[in-house]
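This report concerns only the one structure given below.
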There are 2 protein chains.
Amino acid sequence: MSLPLIQKLEQFTRLSSEDKEVLRQMSMEGVRHLDAREDIIREGDRPQSLNLILSGWACRYKHLEDGRRQIISFFLPGDMCDNHVFILRQMDHSVGTLTPVTIAQIPRRRIEEIAGQHPRISQALWWETLVNAAIQREWTVNLGQRDALERIAHLLCELFVRLRGVGLTEGNSCEMPLTQAGLADATGLSVVHVNRTLQELRAAKLIVLRGKSLTIPDLTALQNAALFNPNYLHLDREGRHLDANE
Amino acid sequence: MSLPLIQKLEQFTRLSSEDKEVLRQMSMEGVRHLDAREDIIREGDRPQSLNLILSGWACRYKHLEDGRRQIISFFLPGDMCDNHVFILRQMDHSVGTLTPVTIAQIPRRRIEEIAGQHPRISQALWWETLVNAAIQREWTVNLGQRDALERIAHLLCELFVRLRGVGLTEGNSCEMPLTQAGLADATGLSVVHVNRTLQELRAAKLIVLRGKSLTIPDLTALQNAALFNPNYLHLDREGRHLDANE
DNA sequence: CGCGCGCTTGAAGAGGCTCAAGAAAGGTGG
DNA sequence: CCACCTTTCTTGAGCCTCTTCAAGCGCGCG
């Protein structure tokens with residue numbers, strides 16, 4: 001079993017064993033453990049290193065002055081927070097944990113060095129960055145056009161497919177540590193309405209959600225209900241022309 | 001009067017006259033003119049070059065299967081579509097013009113060459129990319145948390161401030177070629193409601209919108225109404241430590 | 001055992017949508 | 001320069017989705 005990051009990047013291109021070893025080494029630097037509901041970075045901070053999620057869930061979020069809160073994106077194991085942000089003076093949002101989290105804090109220099117020496121890794125990290133941008137765009141569509149049921153279904157599809165990509169699903173089930181309040185903050189809905197919409201999804205046999213576990217009996221059906229098209233996740237080994245041949 | 005792109009990048013760092021000359025040369029390559037409502041890139045395309053908007057407005061957009069349409073972001077003069085997308089196999093959205101547009105189509109190689117030879121430009125393009133990501137995140141907040149009036153006000157603030165950054169405002173006025181249908185597609189509201197909300201903004205003396213011209217009599221007031229905080233645009237010459245000293 | 005957090009339910013109300021139609025503006029060709 | 005056509009804007013009315021407020025329940029944990 002390999003690191004989530006490696007599994008994730010191999011959805012783009014096959015890495016050489018040296019590539020993987022470099023990434024494994026990198027993941028062991030500056031390891032930190034955090035509790036749930038802790039901030040990793042706060043709005044206004046000037047980050048000097050990059051955080052790689054080794055385990056647990058985190059999110060970007062932003063508060064409006066009057067307290068409304070929006071979750072802007074989720075970080076799952078294998079995700080990196082903020083490639084290249086050091087160019088900006090200060091964070092315009094915060095990153096916080098949703099569950100207990102283990103991260104590797106990788107100094108800026110270290111990443112630049114690795115990317116410089118390992119072009120295949122560099123390309124794969126680029127792919128990571130571009131996919132994150134694509135996800136953010138899809139969230140724009142999700143919030144702008146989909147109704148409550150589609151919106152929640154879409155989010156669940158995305159999370160499931162992303163978790164599957166890092167080996168964190170079992171059959172058609174995965175962990176779902178988000179509370180209904182978390183889902184509400186991510187989808188721009190009220191907690192009450194999230195609750196009712198989840199019941200609707202359950203009644204339609206599209207999801208089984210109990211405790212912290214999500215099962216999707218028929219992923220295709222859920223995708224149809226959500227108007228979910230996974231192409232924005234660019235998972236078809238799009239960098240296969242770069243594959244290591246060993 | 002200089003190119004929008006140069007003005008824009010100089011909000012980040014002061015460029016040398018050589019830097020500027022390089023960018024000016026670049027902007028003269030592969031110039032194309034497009035009418036309003038033409039596609040520059042279509043979902044599914046595999047782009048091999050990068051498009052720099054020289055004049056006019058364009059947007060990213062996406063259709064759902066049932067026809068709903070979301071505008072995902074706006075491209076104004078000086079904006080570049082899709083730095084580095086060539087890593088991805090195919091576009092997951094389209095880019096289309098909103099007005100007649102002039103673009104420079106810059107081959108991938110050319111950009112890489114320029115970025116490689118001119119570190120200050122490279123950093124500035126990075127800044128551009130990161131600001132675009134920040135804008136996309138802010139749109140997530142906008143669609144998720146703000147009500148119709150705040151949402152439209154926020155969008156108008158953003159567009160005004162971005163246009164000011166490329167020298168396309170006159171006092172407190174700017175061009176506003178968007179139709180109400182365009183505003184609706186960008187804000188996830190119905191055309192009817194956009195219309196009524198604009199009337200509300202007019203009645204509150206927050207905007208003067210006539211024909212294709214927008215005037216914001218009191219930007220601070222509009223910002224307050226929108227809960228608009230410009231920090232996400234990272235305009236404070238954050239790269240000033242890189243300034244060319246000539 | 002009791003407290004707190006998360007989930008659930010009901011009822012009422014608001015914000016935004018749809019449908020429909022007419023008015024104004026803008027562009028085009030004669 | 002006018003006549004016509006299309007696009008864009010505007011208005012009214014009714015409805016529906018989602019919100020808010022309020023309260024009760026259940027479960028995990030100290």
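On a predicted model such as this, the values are computed, not experimentally measured, just so you know. In what follows, every chain begins at residue 1, and chains take the letters A, B, ... in the order their sequences are listed.
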| request: Quick one: list whatever passes side-chain contact (heavy atoms from CB on, under 4.5 Å) with A/Ala58, sequence neighbours left out. | output: A/Ile40, A/Ile53, A/Phe75
Under a 3.5 Å threshold, yes or no: a donor from one side chain and an acceptor from the other, between [X] and [Y]?
X	Y	value
B/His63	B/Gln70	no
B/Trp139	B/Glu158	yes
B/Gln199	B/Asn195	yes

Heavy atoms only, 4.0 Å cut-off, all strands: where does [X] land among base, sugar-phosphate and nothing?
X	result
B/Leu189	sugar-phosphate
A/Gly211	nothing
B/Gly188	sugar-phosphate

Measure [atom1]/[X] against [atom2]/[N] and give the value in whole Å, please.
X	N	atom1	atom2	result
A/Leu198	C/dG6	CG	P	15 Å
A/Leu149	D/dC16	CG	P	18 Å
A/His193	C/dA12	NE2	P	19 Å
B/Leu209	C/dA25	CG	P	14 Å
B/Leu143	C/dG16	CG	P	13 Å
B/Gln145	C/dG16	CD	P	13 Å
B/Glu150	C/dG15	CD	C1'	12 Å

| query | Do any of residues 199-208 of chain A sit with a heavy atom less than 4.0 Å from DNA chain C, and if so which? | reply | A/Gln199, A/Arg202
| Under 4.0 Å between a side-chain N or O of B/Asn195 and OP1 or OP2 of D/dT10? |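 It does, given that an N or O in the side chain of B/Asn195 lies less than 4.0 Å from OP1 or OP2 of D/dT10.
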| task | Apply the test side-chain hydrogen bond (donor to acceptor under 3.5 Å, both in side chains) to residues B/Ser213 and B/Glu175: give CA-CA distance (whole Å), side-chain angles for both, the deciding distance (0.1 Å), then the verdict. | result | CA-CA 5 Å; B/Ser213 156; B/Glu175 218 186 325; over 6 Å; no
Under 6.0 Å from the [atom1] atom of [X], do we count more than 12 heavy atoms belonging to anything else shown?
X	atom1	value
B/Arg42	CZ	no
B/Lys205	NZ	no
B/Glu29	CD	yes

| task | For A/Val192 and for A/Asp147, find the nucleotide of DNA chain D with the closest heavy atom, then tell me which residue's nucleotide is more 5'. | result |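 The residue closer to the strand's 5' end, by nearest nucleotide, is A/Asp147.
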| message | Can you tell me whether the side chain of B/Arg196 and the base of C/dG15 have a donor-acceptor pair closer than 3.5 Å? | response | no
| query | Are any side-chain N or O atoms of A/Asp39 and backbone N or O atoms of A/Ile41, one a donor and one an acceptor, separated by less than 3.5 Å? | reply |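 Checked: no pair found.
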Can you tabulate the close N/O pairs, meaning under 3.5 Å, that link protein atoms to atoms of nucleotides 6-8 of chain D?
{"from": "D/dT8", "atom 1": "OP1", "to": "B/Arg37", "atom 2": "NH2", "distance (Å)": "2.4"}

